[in-house]
Structures are given as C-alpha cells and as structure tokens.
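Proteins come first, then strands; the chains are lettered A, B, ... in the order of their sequence lines, and each starts at number 1.
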Amino acid sequence: KQEVTQIPAALSVPEGENLVLNCSFTDSAIYNLQWFRQDPGKGLTSLLLIQSSQREQTSGRLNASLDKSSGRSTLYIAASQPGDSATYLCAVTNTGNQFYFGTGTSLTVIP
Amino acid sequence: NAGVTQTPKFQVLKTGQSMTLQCAQDMNHNSMYWYRQDPGMGLRLIYYSASEGTTDKGEVPNGYNVSRLNKREFSLRLESAAPSQTSVYFCASSALNRDKPLAGYYEQYFGPGTRLTVT
C-alpha cells in the first residue's frame with residue numbers, strides 16, 4: 001500500500017522567506033503527484049500537478065519538483081506572504097483512480 | 001460552472017441515526033470519490049466510482065454505502081451513525097484530461113466538505 005509522508009508537520013516563517021515543503025512516498029510507480037492547499041474549514045484547492053514523466057512544474061511563486069526514483073517531491077514557495085498561510089497536502093496516484101494523501105504541512109507566514 | 005458541490009455543510013446526528021451526504025459535479029468527470037479527513041490521519045478514501053454504474057471500496061469503507069446515481073451525482077450513506085464517524089467528509093471528482101497542455105493526467109477537484117458530528 002502506498003504511504004505518503006510530509007515533513008515538517010508545521011512550519012512558521014517570517015514574511016519574505018523562501019521555503020521548501022517535503023513529500024515522500026513509498027511506491028515509486030506513480031502516475032502523477034498533486035499538491036493542494038487547504039485553508040481552515042475549507043476544501044482542497046489544487047496548486048500543481050506533476051506527471052510521472054516530468055521533473056518539475058511551476059506556477060507563479062510555486063515550484064514543485066519530482067524525483068520519482070527516490071520517492072520524493074518538494075514544493076518551493078518563493079518570497080512567502082501571510083496569504084500563503086494554510087495547510088499544504090500532497091497526493092499521489094498509481095492508477096489514476098486511487099489517490100493517497102499525506103497528512104499535510106501547516107504553514108504560518110508571520111508578517 | 002459550480003465544480004463540485006456538497007450538501008449539507010454541517011450535520012449533527014445521534015448515534016444510530018442515518019443520513020445521506022450528497023455530492024454533484026458539473027465537469028463531466030468520470031471518476032468520483034468520498035474521503036474523510038481526521039486530525040493527524042490525513043484524507044482517507046472511503047469509496048470511489050471510476051465510472052457511472054461502478055463503485056469500489058477504498059481504505060475505510062466500513063459503516064458506509066455509496067450510490068453513483070448518474071454521471072453527475074455520487075452519494076454517501078451512513079446507515080447507523082457512530083461517534084467514530086465524526087469527521088469532515090469531502091467529495092472529489094477527476095477525469096483523464098487530454099485537453100490540458102500535458103495530455104493524459106488525472107487531476108482531482110474537491111468540494112467544500114461536510115462537517116459531521118455524531119453524539
């Protein structure tokens with residue numbers, strides 16, 4: 001069974017810092033990996049999706065990388081802002097039908 | 001385009017009561033999912049439906065039933081609610097998307113969630 005781990009569980013940084021969130025998975029035969037953002041009391045919003053054949057994806061200040069062979073992905077957030085405060089989750093799928101989620105990293109950006 | 005909608009947003013049940021959570025999507029997606037989210041456990045898949053007319057168990061199906069009513073709607077039923085089913089429930093949908101620049105990937109879209117408390 002696929003296991004997904006996110007470290008750290010919580011992170012607090014001052015505004016303007018660059019930061020990296022980590023996601024690791026045990027079965028490297030994934031179809032794709034997706035990063036989500038979740039605000040308190042809300043649903044999940046998709047940020048970036050990386051196909052298994054890709055190495056990275058970028059959207060604005062966000063950059064996600066994937067090293068499938070080592071079972072790792074990172075989400076890089078440049079020039080963090082207080083509005084980035086949220087929980088970030090990663091999810092992988094091996095088949096396109098079942099998605100496995102990490103427990104998330106709770107990010108606080110201090111003004 | 002509403003995306004994925006869920007009703008109700010909040011619900012309080014007493015142990016033994018039953019209820020149905022409703023989910024609908026307007027994106028013409030084939031696959032739909034029900035997850036529960038608990039502190040420290042992350043999201044866990046309860047049931048999914050790869051296409052209209054099919055349903056499959058996920059990681060934590062016990063105590064739940066589902067119905068894929070049509071391509072748009074996927075409901076989750078608790079026949080006899082238990083306090084262990086207190087959770088936030090999310091519905092999601094996905095499809096093999098060949099129209100995006102990167103052809104051929106599954107991207108999940110989530111509803112806003114239902115917060116269920118069983119006393």
Q. Is a side-chain donor-acceptor pair under 3.5 Å present for N63(A) with E56(A)?
A. yes

**Q.** Check: Q2(A) and V92(A) side chains under 4.5 Å, non-hydrogen atoms
**A.** yes

Q) If we only count heavy atoms from C-beta on, is the L45(B) to Y33(B) side-chain gap below 4.5 Å? A) yes

Q. Do any of residues 12-20 of chain A come closer than 4.5 Å to chain B, heavy atom to heavy atom, and if so which ones, in number order?
A. none

Q | Contact origin within F36(A) toward chain B - heavy atom pairs under 4.5 Å | A | side chain

Q: Can you see which heavy atom on Q37(B) is nearest to which on S87(B), and at what distance?
A: O-OG, 3.0 Å

Q. Side chain, backbone, both or neither: which part of E59(B) has a non-hydrogen atom closer than 4.5 Å to chain A?
A. side chain

Q: Identify which part of R115(B) has an atom lying under 4.5 Å from any heavy atom of chain A, answering side chain, backbone, both or neither.
A: side chain

Q: Give the other cluster members for M32(B), using side-chain heavy-atom distances under 4.5 Å between Ile, Leu, Val, Met, Phe, Trp and Tyr residues; answer none if it is isolated.
A: L13(B), M19(B), L21(B), W34(B), I46(B), Y47(B), V60(B), Y64(B), V66(B), F74(B), L76(B), L78(B), Y89(B), L116(B), V118(B)

Q. Does CZ belonging to R72(A) count more than 12 external heavy atoms closer than 6.0 Å?
A. no

Q: Taking only Lys NZ, Arg NE, NH1 and NH2, and the carboxylate oxygens of Asp or Glu, determine whether D27(A) and K1(A) approach each other closer than 4.0 Å.
A: no

